[in-house]
There are 2 protein chains.
Amino acid sequence: MNVSTKSEYGLRALIYIARHSDVHPVSAREISAAWHVPVKYLEQILKTLKEAGIVESRVGLGGGYRLTRPASLITAGEVIRILDGRIAPFSCVSETEYVPCEFEIDCGLKTLWARTRQAILSVVDHTTIADLARPASESAAPSQPILLKKQIGR
Amino acid sequence: MNVSTKSEYGLRALIYIARHSDVHPVSAREISAAWHVPVKYLEQILKTLKEAGIVESRVGLGGGYRLTRPASLITAGEVIRILDGRIAPFSCVSETEYVPCEFEIDCGLKTLWARTRQAILSVVDHTTIADLARPASESAAPSQPILLKKQIGR
DNA sequence: TAAATTCCTAGTAAGGCAGTAGGAGATGAA
DNA sequence: TTCATCTCCTACTGCCTTACTAGGAATTTA
């Protein structure tokens, strides 16, 4: 159960762009300096994000990246899927990379993984870059209420 | 976002033991044959599970493994933690392996990861081996109702 | 004594992750 | 026109983890 640095850096980059690209596009170097991420690595991530249609870019002096859509229309789940691949904990319950398992008939685990996946999606697919870009003091509540009723310890 | 084969095999082994250890303990070879898992690999997993106090073992002919507790008192989350380590998607929100992050103050992501973690825990910490060991036809519903109100597509 | 079983340690092949490296080509400012 | 600043593109690399394999020692029962 892990999120890679790609998703972490990618989301941070998008947060930064959402916050700062009003006047001019934001360069990879600027984001890199702000979040302490290696520039060259970030370039690759932003390239992937560009190919996926999340950001657009302008080359040359004064160039950089901008979101193609309002930040409120980009979900964290979408970004994680682009950069990390499948979100489901197991491919036998993945929508995007489904691979059947020989034991599905009598495998209680499938149900477990399916529920886990739904639980994850209920969070990441309902949290947008706009939610994340809000100052932490406003507690980054998602725009749509998520489906957890209460927090559980541990 | 992935669950390793260790957790998968470990949970399957426990399910098998819960179902079949009434009369005599269950051997690794037996489980291995039932679930198509390499014996030697399974031995290692069961050893870890034994050290963690989930199963007890008996050496020699007719030996094998038994649960130390009723299956209804062993949660999937506990097993995954033992075999895979941290469940939280990022260590900045982990209870068991917390590592602070330099950007926590203004990092909307922390909230996202925290919510994701809670969502995962609300499933895996409320699903027991007893739930999983029930025949799939009974749909492996957890003993306590989980906190998702409805299923979401995608 | 033989067969079955857990226990213990070591090794290993492949793949993914997290970058580093080195430019080529575009663009705007001086 | 030159120069600094950008993105774009491809290749490479070191390290770690995963998913095993391998070989036996010790224990127990028939």
Side-chain angles (χ1 to χ4, degrees), chain A residues 1-13 16-17 20-21 23-33 35-52 54-66 68 80 82-86 89-91 97, chain B residues 1-13 16-17 20-21 23-33 35-52 54-66 68 80 82-86 89-91 97:
Chain A
M1 297 276 191
N2 219 349
V3 173
S4 74
T5 57
K6 267 189 193 170
S7 286
E8 170 90 1
Y9 295 167
L11 286 168
R12 285 225 285 251
Y16 191 93
I17 295 170
H20 296 97
S21 65
V23 188
H24 49 77
V26 178
S27 73
R29 195 168 53 81
E30 197 179 334
I31 301 169
S32 150
W35 290 122
H36 301 177
V37 170
V39 193
K40 284 294 194 178
Y41 194 34
L42 191 59
E43 281 181 7
Q44 292 174 30
I45 294 168
L46 286 165
K47 190 192 157 204
T48 308
L49 253 21
K50 189 198 167 183
E51 285 162 1
I54 303 289
V55 298
E56 59 194 5
S57 63
R58 219 177 64 200
V59 196
L61 223 179
Y65 301 88
R66 271 212 173 90
T68 55
I80 296 172
I82 291 165
L83 296 172
D84 260 23
R86 159 166 69 81
F90 234 91
S91 37
E97 298 178 30
Chain B
M1 299 274 191
N2 219 349
V3 172
S4 74
T5 57
K6 266 189 193 170
S7 286
E8 170 89 1
Y9 295 168
L11 287 168
R12 286 224 285 249
Y16 191 93
I17 295 170
H20 296 96
S21 66
V23 187
H24 49 77
V26 178
S27 72
R29 196 168 53 82
E30 197 180 334
I31 301 169
S32 150
W35 291 123
H36 300 178
V37 169
V39 192
K40 284 296 196 179
Y41 192 34
L42 191 58
E43 280 181 9
Q44 292 173 27
I45 294 168
L46 286 164
K47 189 192 159 201
T48 309
L49 253 20
K50 188 199 168 180
E51 285 161 2
I54 303 288
V55 297
E56 59 194 6
S57 64
R58 220 178 64 200
V59 196
L61 222 180
Y65 302 89
R66 269 212 174 90
T68 56
I80 296 172
I82 291 164
L83 295 172
D84 260 23
R86 158 167 70 82
F90 234 91
S91 37
E97 299 179 29

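Reckoned from all heavy atoms, side chains included, excluding hydrogens, waters and symmetry mates. Since the structure is predicted, the reported quantities are computational estimates derived from the model, not experimental observations. Lettering follows sequence order; numbering is per chain, from 1.
- The minimum heavy-atom distance between A:N2 and B:P89, with the atom names listed, is OD1-O, 3.1 Å.
- Per the geometry, CD1 belonging to A:I45 stands 11 Å off C1' belonging to C:dC17, to the nearest Å.
- For A:H24, there are no ring-ring contact (aromatic ring centres under 6.0 Å, His included) partners two or more places apart in sequence or in a different chain.
- Applying the side chain to side chain contact (heavy atoms under 4.5 Å, CB included) rule to A:R29 yields the partners A:S27; only residues at least two apart in sequence or on another chain are considered.
- Annotation: side chain of A:Y9 is in contact with side chain of A:I45 (closest heavy-atom distance under 4.5 Å).
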> B:W35 and B:Y16: side-chain contact (heavy atoms from CB on, under 4.5 Å), yes or no, with the steps?
Replying inline: CA-CA 9 Å; B:W35 291 123; B:Y16 191 93; 3.6 Å; yes
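- In this entry the distance linking CD of B:E30 with C1' of C:dA3 reads 16 Å, nearest Å.
- Classification of B:R12 and B:E8 as a salt-bridged pair holds, one side-chain N sitting under 4.0 Å from a carboxylate O.
- Contact annotation: A:K50 side-chain N/O to D:dC8 OP1/OP2 distance is under 4.0 Å.
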Could you list, one pair per line, each protein nitrogen or oxygen that sits under 3.5 Å from a nitrogen or oxygen of nucleotides 18-22 of chain D, together with the distance?
unit_1, atom_1, unit_2, atom_2, d
D:dA19, OP2, B:T5, N, 3.2
D:dA19, OP2, B:T5, OG1, 3.0
D:dA19, O5', B:T5, OG1, 3.3
D:dC20, OP2, B:Y9, OH, 3.1
D:dT21, O4, B:Q44, NE2, 2.5

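- One atom, NZ of B:K47, and another, P of D:dA25, lie 17 Å apart when rounded to the nearest Å.
- Scanning for side-chain hydrogen bond (donor to acceptor under 3.5 Å, both in side chains) contacts around B:S4 gives B:D84, with sequence neighbours left out.
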Produce the list of close N/O pairs, under 3.5 Å, pairing protein atoms with atoms of nucleotides 28-30 of chain D; give distances to one decimal.
unit_1, atom_1, unit_2, atom_2, d
D:dT28, O2, B:L61, N, 3.2

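- In this structure A:T48 satisfies the side chain to side chain contact (heavy atoms under 4.5 Å, CB included) test together with A:I82, A:L83, sequence neighbours excluded.
- Residue B:I31 contributes atom CD1, which lies 12 Å from atom C1' of C:dT5 at whole-angstrom precision.
- Across all their heavy atoms, B:V3 and A:F90 have their closest contact at O-CE1, 3.5 Å.
- To the nearest angstrom, P of C:dT5 lies 14 Å from CZ of B:R66.
- To the nearest angstrom, P of D:dA4 lies 13 Å from CZ of A:R29.
- Computed from coordinates, the B:L42 CG to C:dC7 C1' distance equals 14 Å when rounded to whole Å.
- In this structure, CG of B:L46 is placed 15 Å from C1' of C:dC8, rounded to the nearest angstrom.
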